[in-house]
Every structure is written in structure tokens, then in C-alpha cells.
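Reviewing the structure listed below.
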Amino acid sequence: MPRLVSHPDEVKIVTSRFGLGAAQIDRYLELGGYTSARKALANGPEYIINEMKVSGLRGRGGAGFPTGLKWSFVPKVSAKPKYVLVNGDESEPGTCKDHLIFLHDPHAVIEGTIIAGLAIGAKTGFIYLRGEYRYLITIVEKAVADAYARGFLGKNIFGSETEFQVIVQTGAGAYEVGEESALMESLEGKRGIPRIKPPFPAVVGLYGGPTVINNAETIATVPHIFSMGGAAYAGVGSERNGGTRLFGLSGHIERPGVYELPMGYNLRKMIYEVGGGIRGGRELKAVVPGGSSTPVLLPNEINIGMDFDQVGKAGSMLGSGGVVVIDDQTCIVEFALRTISFYAHESCGWCIPCREGTDWLKKSLTRFHAGFGTMKDIDNIQYLAENMMGRTFCPLGDAAAMPTIGFVKKFRKEFEEHLGGKPCPFAKHVELAVV
Ligand SMILES: Cc1cc2nc3c(=O)[nH]c(=O)nc-3n(C[C@H](O)[C@H](O)[C@H](O)COP(=O)(O)O)c2cc1C
Ligand code: SF4
């Protein structure tokens with residue numbers, strides 16, 4: 001059972017029911033559950049989408065696309081059935097929040113899925129769980145069965161004429177199927193490779209029907225928006241970034257864990273106050289602010305608000321909210337190697353710049369870390385990664401290239417220290433930097 005953490009600066013909205021037994025439907029109802037879905041049902045699609053737009057909620061899966069706007073793109077009339085798809089694939093290294101939601105508050109995901117379905121006129125929602133999260137299936141499936149038994153799901157939800165069904169599905173364990181179009185392929189029983197866009201899922205998605213696909217945290221936030229009101233939710237966050245976010249603090253930090261903080265919360269404060277500072281009183285060397293695909297930040301770059309716009313301005317991305325803290329005894333070349341090894345392993349192999357590029361980078365960095373690199377290799381690693389950018393079929397290629405470019409640009413001196421057959425200067429401190 002993952003440890004629950006807490007800090008006075010937290011604003012507990014999505015996590016408000018964590019640790020309170022809300023996976024049991026009676027407890028969820030006692031805590032105000034399913035009132036938001038009833039409210040949404042009574043008020044209709046226009047009200048739902050408007051409230052979502054007012055809330056300023058931006059997708060928590062990585063790209064930060066405004067959720068209300070995404071829902072409004074779905075055509076009102078469609079010859080094919082429409083679908084809601086909950087992305088619970090959560091595979092980006094450093095990201096560890098969605099599984100807590102499924103564990104502690106699965107009904108929030110179900111309720112959010114119902115509201116999304118009402119907004120776009122879908123009769124079916126799928127909850128897609130990461131393959132490695134098999135231990136969560138029983139919890140989520142029980143929650144779905146309980147919601148059916150109470151009449152909250154099925155042909156006549158909450159005694160109305162409206163139908164909404166929910167189906168739980170798992171992947172087989174592949175990072176790439178977190179990408180929305182690969183996820184749809186996987187759900188349809190095919191190999192998990194992405195589709196060409198456009199058309200976008202809102203128009204042509206699952207089984208060719210209009211589909212809204214959202215991250216599990218995004219969906220679990222929805223019922224709270226309807227209970228507290230879109231404007232109140234927006235007011236918690238920063239400009240153009242409504243509400244809170246579940247930040248996963250990991251790496252060389254005193255108090256790792258998932259903390260729910262307002263959007264725009266200062267990154268330095270998050271590390272030194274919420275997370276208790278660098279483990280063992282060491283010095284901070286770098287921070288990966290939003291999951292392994294986001295470019296690294298230096299200690300003098302972390303006095304920023306953690307929202308999509310401010311982190312973007314600082315040259316990185318808020319991504320999936322996985323903050324990985326790196327101390328001064330970590331070898332950045334090894335960190336870069338571990339990162340690219342993940343992407344090389346997870347590349348689906350569909351397009352050449354990603355399939356070959358990640359493998360070349362892994363080989364170059366392996367050689368480099370072992371002390372057999374040359375000065376020219378440093379430029380080659382950067383050149384190779386830069387040439388992958390924007391030239392791949394899906395953003396996994398960029399996700400692999402971006403952090404590599406950042407490591408080389410910001411830590412060139414450390415790369416140079418590995419030259420000339422010398423042993424890695426950090427060899428005696430080798431340990432996992434990513435927890
Ligand atoms: C390689 C790759 C992996 C992804 N993995 C995930 C994931 O595990 N979970 C997720 O919600 N989004 C993931 N995404 C983003 C999704 O494609 C999509 O943007 C997201 O589910 C939309 O939901 P949101 O608008 O609520 O953020 C991934 C994207 C890429 C390119
Ligand atoms: S970028 Fe990588 S993961 Fe995406 S389609 Fe190409 S090979 Fe597959």
C-alpha cells in the first residue's frame with residue numbers, strides 16, 4: 001500500500017477522499033459522491049461544458065489541453081456511437097499519481113466518466129488501466145459493479161431515460177499505449193501503435209466514433225468541479241491554469257510522495273518545504289519537473305510557479321507532474337543513459353527516427369559513460385537528438401530527444417569529464433536516481 005503523505009500547503013480536492021475508505025460505494029455516497037453526476041444530468045450538456053470551461057481545468061496527462069474546450073469539439077450529431085476514454089496508462093517515469101486515485105477513490109473516476117459522457121452524448125465509457133496495474137483491476141471493477149447495482153450506471157442512470165455503460169480494460173504493459181491514438185488501437189485489440197492525425201479523436205476516435213480521451217486525474221477532478229463550482233475551482237490555481245495538481249515528488253528528496261498543490265505553486269518551495277529538501281542534506285544538482293520526457297532544470301531555474309505556462313517559459317514542461325529531484329552526487333551522463341534506455345525500450349518501432357535514434361543514443365551514451373567517448377560524440381549526441389525532434393510519427397520521439405538535448409546543453413562539462421578513458425567521476429556513488 002503506497003504511503004500517503006501530507007503537507008499544510010496542500011489543497012486537498014482530488015485527494016480529499018484518500019484514506020477515507022471511499023472505494024466502498026456507501027462511504028463514497030456518505031462523502032457526497034454521485035451528487036455531481038445527478039446535477040450534471042439535471043442541467044444538460046451545455047451547462048456541463050460551460051462549467052468545465054469556467055473551471056480552467058487543463059488535461060493532467062501531459063499536454064495541458066483545456067478539458068472543456070476538448071469536450072466542445074465533439075460533434076453534437078454523429079452517425080457512429082460516441083465514447084469516453086479514461087487514460088489510466090500512467091507509464092511516464094516519475095509519474096505515480098493516477099494509481100492512487102484508482103486505489104483510494106475509483107468512484108470519482110466513474111462519476112467523472114459519467115459527466116463526460118453526458119457532456120458529449122456518449123453511452124459508453126472505457127477505463128483503460130496500465131498493464132502493470134493489474135492489482136487495481138479488482139478495486140476498479142468492484143466499484144463499477146457497485147455503481148451498476150445502485151443504478152448509477154446502465155440503461156437508466158439515476159432513474160432517468162439516459163443510458164451510460166462503463167467497461168474496464170487493461171493494457172499489456174507498454175508506455176506507447178498511453179498515447180491516445182495508440183491506446184485506441186490497443187483497446188480495439190490491435191497492436192499499440194499510433195494513428196495518423198488528423199482526424200483527431202474528438203471527430204474520429206474509438207471504433208471510428210467521436211471520442212473524448214482524458215487522463216484519469218483529469219476525469220477524477222470533474223465531480224469536484226461540479227460540487228464546488230467551476231469558478232471556485234479556477235480560483236484555486238494560477239492564471240489560465242485552474243485548480244490543483246497531484247505532484248509526484250521523487251528522487252533524492254527527504255519526503256517523497258504525491259502532494260496536491262495549487263497550480264502555480266513555487267517549485268523551489270515544493271522541493272525544500274513540501275518535500276523537506278535534498279536527501280541527506282546534500283546539494284541540489286538538477287530537477288526534472290514533469291516526468292522523464294521534460295527537459296532538466298538547473299538549481300538557478302527553479303524559482304518558478306508550477307503551471308503549464310510558467311514551466312514552459314522556463315524552457316521545460318509541466319508534463320505529468322512527476323518532479324524528479326537529482327542531487328550533486330548523481331552522474332548526469334548515467335541519468336541521461338537511464339532515461340534514453342527507457343525510451344529505446346518503449347519505442348514501438350513504427351518510425352525510423354525514433355526506433356533507430358533512441359537506439360543510437362543509448363549506444364552512444366553507454367559507450368560514453370564507460371569512458372570510451374570522444375569530444376565529437378558530445379556534439380553527435382546533441383545533433384542526433386535534435387534531428388529526431390518533430391520528425392517522428394508520435395511525440396515519443398520528441399519525449400526521448402528533449403531530455404537528452406537538455407542534459408548535453410546544460411551539463412556539457414560533466415560529459416567532458418568522462419573523456420579520455422577516465423572512470424566515471426561519480427562511480428562510487430552509483431545508485432538509482434529515479435525512485
Ligand atoms: C508516448 C506517450 C505516452 C503517453 N502516456 C500517457 C499516459 O500514460 N497517461 C495519460 O493520461 N496521457 C498520456 N499521454 C498523453 C495522451 O496522448 C493524451 O494527450 C492524454 O491522455 C489526454 O488527456 P488529458 O487531456 O486529460 O491530458 C501520452 C502521450 C505520449 C505521446
Ligand atoms: S515516435 Fe517512436 S513510439 Fe512513436 S510511432 Fe514512431 S517509433 Fe513508435
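Atoms within each ligand, like the ligands themselves, are counted from 1 in listed order. Starting from 1, each residue takes its place in the sequence as its number. Note that this is a predicted model, so its numbers are computed, not measured.
- Below 4.0 Å from some heavy atom of Glu180 lie the following atoms of ligand 1, by number and element: 16 (C), 17 (O), 18 (C), 19 (O).
- Summarising the local packing, CD of Glu188 is surrounded by more than 12 heavy atoms from other residues, nucleotides or ligands at distances under 6.0 Å.
- Residue contacts with ligand 1: Ala63 is excluded, as none of its non-hydrogen atoms falls under 4.0 Å.
- When the heavy atoms of Thr95, Asn87, Asp98 are ranked by distance to atom 9 (N) of ligand 1, first place goes to Asn87.
- Numbered from 1 in the order shown, with element, the atoms of ligand 1 that lie under 4.0 Å from a heavy atom of Ser91 read 8 (O).
- Because its NZ or CZ atom is not both nearer than 6.0 Å to the ring centre of Phe152 and within 45° of the ring axis, Arg150 does not count as a cation-pi partner of that residue.
- Considering only non-hydrogen atoms, atom 13 (C) of ligand 1 lies nearest to Gly178 out of Gly319, Gly88, Gly178.
- Ala216 and Asp98 get closest at one heavy-atom pair: CB-CG, 3.9 Å.
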Checking Val222 against Met52 for the side-chain contact (heavy atoms from CB on, under 4.5 Å) test, could you report, in this order, the C-alpha distance in whole Å, the side-chain angles of both residues, the deciding distance, and whether it holds? CA-CA 8 Å; Val222 171; Met52 289 301 294; 3.8 Å; yes
Please evaluate residues His107 and Tyr34 with respect to the criterion side-chain hydrogen bond (donor to acceptor under 3.5 Å, both in side chains), reporting the C-alpha separation (whole Å), side-chain torsions for both, the decisive distance (0.1 Å), and the verdict. CA-CA 8 Å; His107 286 286; Tyr34 288 107; 2.8 Å; yes
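- In terms of protein heavy-atom proximity, atom 26 (O) of ligand 1 is closest to Thr218 OG1, 2.7 Å.
- Counting heavy atoms closer than 4.0 Å to ligand 1, residue Asn215 contributes atoms from both its backbone and its side chain.
- Counting heavy-atom neighbours within 6.0 Å of Lys190 NZ, excluding the residue itself, gives a total above 12.
- Atoms of ligand 1 found under 4.0 Å from any heavy atom of Glu176 (numbered from 1 in listed order, with element): 1 (C).
- Of the possible donor and acceptor atoms, none in the side chain of Ser181 sits under 3.5 Å from a partner among the backbone N and O of Pro194.
- The distance cut-off of 2.8 Å around atom 8 (Fe) of ligand 2 captures these protein N, O or S atoms, sorted by chain and number: Cys348 SG.
- For ligand 1, the atoms sitting less than 4.0 Å from at least one non-hydrogen atom of Ile213 are 22 (C), 23 (O), numbered in the order shown with element in parentheses.
- Atom OH of Tyr207 sits in a crowded spot, with more than 12 heavy atoms from other residues, nucleotides or ligands closer than 6.0 Å.
- Distances below 4.0 Å separate heavy atoms of Arg60 from the following atoms of ligand 1: 26 (O), 27 (O).
- Within the structure, ligand 1 has Lys70 among the residues with a heavy atom less than 4.0 angstrom away.
- Residue nearest to atom 8 (O) of ligand 1, selected from Glu90, Glu92, Arg130: Glu90 (by heavy-atom distance).
- Open room surrounds NZ on Lys362; 12 or fewer heavy atoms of other groups in view lie less than 6.0 Å from it.
- Looking only at heavy atoms of the protein, atom 27 (O) of ligand 1 is closest to Gly61 N, 2.8 Å.
- When Glu163, Gln165, Lys155 are each tested for a side chain to side chain contact (heavy atoms under 4.5 Å, CB included) with Lys123, only one passes: Glu163.
- Within 6.0 Å of CD1 on Ile167 lie more than 12 heavy atoms contributed by other residues, nucleotides or ligands.
- Every atom of ligand 1 with a heavy atom of Pro395 under 4.0 Å away is listed here by number and element: 31 (C).
- At least one donor-acceptor pair closer than 3.5 Å links the side chain of Arg245 to the backbone N or O of Ser320.
- Here the protein heavy atom with the shortest distance to atom 3 (C) of ligand 1 is Glu179 N, 3.6 Å.
- Applying the side chain to side chain contact (heavy atoms under 4.5 Å, CB included) rule to Pro403 yields the partners Thr339, Phe407; only residues at least two apart in sequence or on another chain are considered.
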